[in-house]
Amino acid sequence: MSKPATGDKSATGKPDIRIQREDFDPAAEIERLTSGRRDIGAVVTFTGLCRDEDGRLAALELEHYPGMAEEEIARIAEEAMARWPLTGLTAIHRHGRIEPGDNIVLVVAASSHRQAAFEAASFVMDFLKTRAPFWKKEHPLDGSSGEWVEARSEDDSSAARWKG
Amino acid sequence: MSKPATGDKSATGKPDIRIQREDFDPAAEIERLTSGRRDIGAVVTFTGLCRDEDGRLAALELEHYPGMAEEEIARIAEEAMARWPLTGLTAIHRHGRIEPGDNIVLVVAASSHRQAAFEAASFVMDFLKTRAPFWKKEHPLDGSSGEWVEARSEDDSSAARWKG
Amino acid sequence: MKLVYFSWIREKLGLAEEEVTPPEHVGTVGELLDWLGSRSEAFEAVLEHDKVIRVAVDRVHVHDRATPIDGAQEIALFPPMTGG
Amino acid sequence: MKLVYFSWIREKLGLAEEEVTPPEHVGTVGELLDWLGSRSEAFEAVLEHDKVIRVAVDRVHVHDRATPIDGAQEIALFPPMTGG
């Protein structure tokens, strides 16, 4: 890779957070965290995609709170870095119009140990769902005016798992 | 993609298992499971890499039991497909000489729901560690004759989590 | 101070942000919401969903309506998040 | 039947596989191991680590030494797995 690798040892400890309209490439993000390193045993990625909800949706519109979105995800990511021995952590969340099958969110967690990588990625996703300031509006395929997606109580319980 | 997509709806339910000497590409494997689909909400990948163990290792040699390796990982993958609502599941395990920083194993789990994808990928890795017939031998950098890696009891406890 | 609104709160108010100067007796998040509700019918309608309204003060979530707003630069009102 | 060996068991025996015909009284996995130990010093040395030796009959893990081997085509002996 020609760009400065986020995976440099010097960069360990600083999560890489991006809020963007453009798509992302999971393989490139894995590469950024692992390139040139020989101490990483496990990389877990989570990719969240837009579903068509049984053919009902033409697209989702993702609204976000600029500034706070980055800051809140950074807070979540730093909690994860403090809680698990990670060598790197990346979170990318898209905004704007997103169609079924397209990517919405990516979390990549790298560690020497597989449980740490799995748990950190899952933790970041659970809190990203309940704390990151993003809101989804549905654009139905039938052209009717869409509704805002309602928050799901399962997401609150998922986040509550990590308490204590 | 030009090759027949494993992600076709018709293929749902059949895990894709590969044992190979060559490297793999996580992004291509995500693409195989998601391409052309609009019902997938979550894809979790686990990539296991060779560590240099604090600079001690030149390489690992991965021995496997041909035939049984594929069959045993397929059994584990089918248990995961039965246990979680997955739209696709891929597991690739390399054998032969693998150097620090190189990939060893990849698991990709796709689902409508993120917990299912996380748990299935973690389940497959836990059982792959304790049940798939692979053995690692260390090749130390100092040229001494290497030792076979000993199984870790933590791996047995990780697998035991899924009981009952 | 600047108020910013998101999602259906923004839509119901027909407003993404506004600059306000609350009177002196408005010292907490809860008092701010009450004062905003007394200012406009649109905001009163939003407050019918009071229980689900989330508040961030200077880009940090606030979970207690008794949180003071003294010195705050930017207060955001939005429904529960649905990202990810 | 075919016996296949892996990892340090293969190395200690200096043998990756062999064809054997156990005597009639050898009916279980445990009896097979005992018989193999009685045949060679190399195998006797392997059996010093008896507790950790894993067995697969026709490519399926066997967790009970009392498992019958009647009709088995291929029996594998190996230490605990360390893949992944």
Side-chain angles (χ1 to χ4, degrees), chain A residues 7 24-31 33-58 87 99-115 117-119 121-123 125-126 128-129 141 152 154-155 157-158 161, chain B residues 7 24-31 33-58 87 99-115 117-119 121-123 125-126 128-129 141 152 154-155 157-158 161:
Chain A
F24 48 75
D25 174 3
E29 299 307 330
I30 293 176
E31 176 73 13
L33 288 189
T34 57
S35 175
R37 295 191 70 137
R38 299 156 65 92
D39 59 338
I40 297 177
V43 178
V44 169
T45 73
F46 176 89
T47 310
L49 300 98
C50 177
R51 290 176 307 200
D52 69 359
E53 304 297 347
D54 299 316
R56 200 166 48 76
L57 288 193
T87 56
E99 295 187 0
D102 288 350
N103 294 323
I104 297 175
V105 63
L106 176 70
V107 172
V108 187
S111 176
S112 306
H113 303 291
R114 80 178 182 287
Q115 294 306 354
F118 267 120
E119 291 180 11
S122 182
F123 172 95
M125 276 309 304
D126 282 347
L128 200 147
K129 284 257 172 195
L141 208 56
R152 305 176 338 135
E154 301 95 290
D155 288 331
S157 357
S158 290
R161 290 189 294 154
Chain B
F24 49 75
D25 174 4
E29 300 307 330
I30 294 175
E31 177 72 13
L33 288 189
T34 57
S35 175
R37 295 190 71 136
R38 300 156 64 91
D39 58 338
I40 296 176
V43 179
V44 169
T45 73
F46 176 89
T47 310
L49 300 99
C50 176
R51 290 176 308 200
D52 69 359
E53 305 297 347
D54 300 317
R56 201 166 48 74
L57 289 193
T87 56
E99 296 187 358
D102 288 350
N103 294 324
I104 297 175
V105 62
L106 176 71
V107 172
V108 187
S111 177
S112 305
H113 303 289
R114 80 179 183 286
Q115 294 305 354
F118 267 120
E119 291 180 12
S122 182
F123 173 95
M125 276 309 303
D126 282 347
L128 200 149
K129 284 255 172 197
L141 207 56
R152 304 175 339 134
E154 302 96 289
D155 288 331
S157 358
S158 289
R161 291 189 294 155

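So that the names make sense, note that chain A is the first sequence line, chain B the second, and so on, each numbered from 1. For clarity, every value in this text was computed on a predicted model and none was experimentally measured.
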Residue-level contacts of residues 102-109 of chain A with chain B, using a heavy-atom cutoff under 4.5 Å:
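The stretch does not come within 4.5 Å of chain B.
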
Which of the residues A121(A), P26(A), A117(A) is involved in the greatest number of heavy-atom pairs with chain B at under 4.5 angstrom?
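Maximum pair count with chain B is reached by A121(A).
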
Could you tell me which of S158(A), G41(A), A42(A) has the largest number of non-hydrogen atom pairs under 4.5 Å with chain B?
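Winner by heavy-atom pair count: G41(A).
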
Close approach to chain A in residues 44-53 of chain B, criterion heavy atom under 4.5 Å
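Expected list: V44(B), T45(B), F46(B), T47(B), G48(B), L49(B), C50(B), R51(B), D52(B).
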
Max heavy-atom pair count under 4.5 Å with chain A, selected residue of L57(B), I30(B), D126(B)
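So the answer, after comparing L57(B), I30(B), D126(B), is D126(B).
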
For each of P100(B), A27(B), G55(B), tally heavy-atom pairs with chain A at distances under 4.5 Å, and name the one with the top tally.
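Most heavy-atom pairs within the cutoff with chain A belong to P100(B).
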
Would you mind checking which part of I40(A) comes under 4.5 Å of any heavy atom in chain B, side chain (CB onward), backbone (N, CA, C, O), both or neither?
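Both the backbone and the side chain of I40(A) come within 4.5 Å of chain B.
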
Region of Q115(A) that comes under 4.5 Å of a non-hydrogen atom in chain B:
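The answer is the side chain of Q115(A).
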
Partner residues of R56(B) under the side chain to side chain donor-acceptor pair (under 3.5 Å) criterion, sequence neighbours left out:
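R56(B) satisfies side chain to side chain donor-acceptor pair (under 3.5 Å) with E138(B) only.
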
Tell me every residue that passes salt bridge (Lys or Arg N to Asp or Glu O under 4.0 Å) with R152(A), counting only those two or more places apart in sequence or in another chain.
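E154(A), D155(A).
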
Derivation of the side-chain contact (heavy atoms from CB on, under 4.5 Å) call for R114(B) and S122(A)
CA-CA 9 Å; R114(B) 80 179 183 286; S122(A) 182; over 6 Å; no

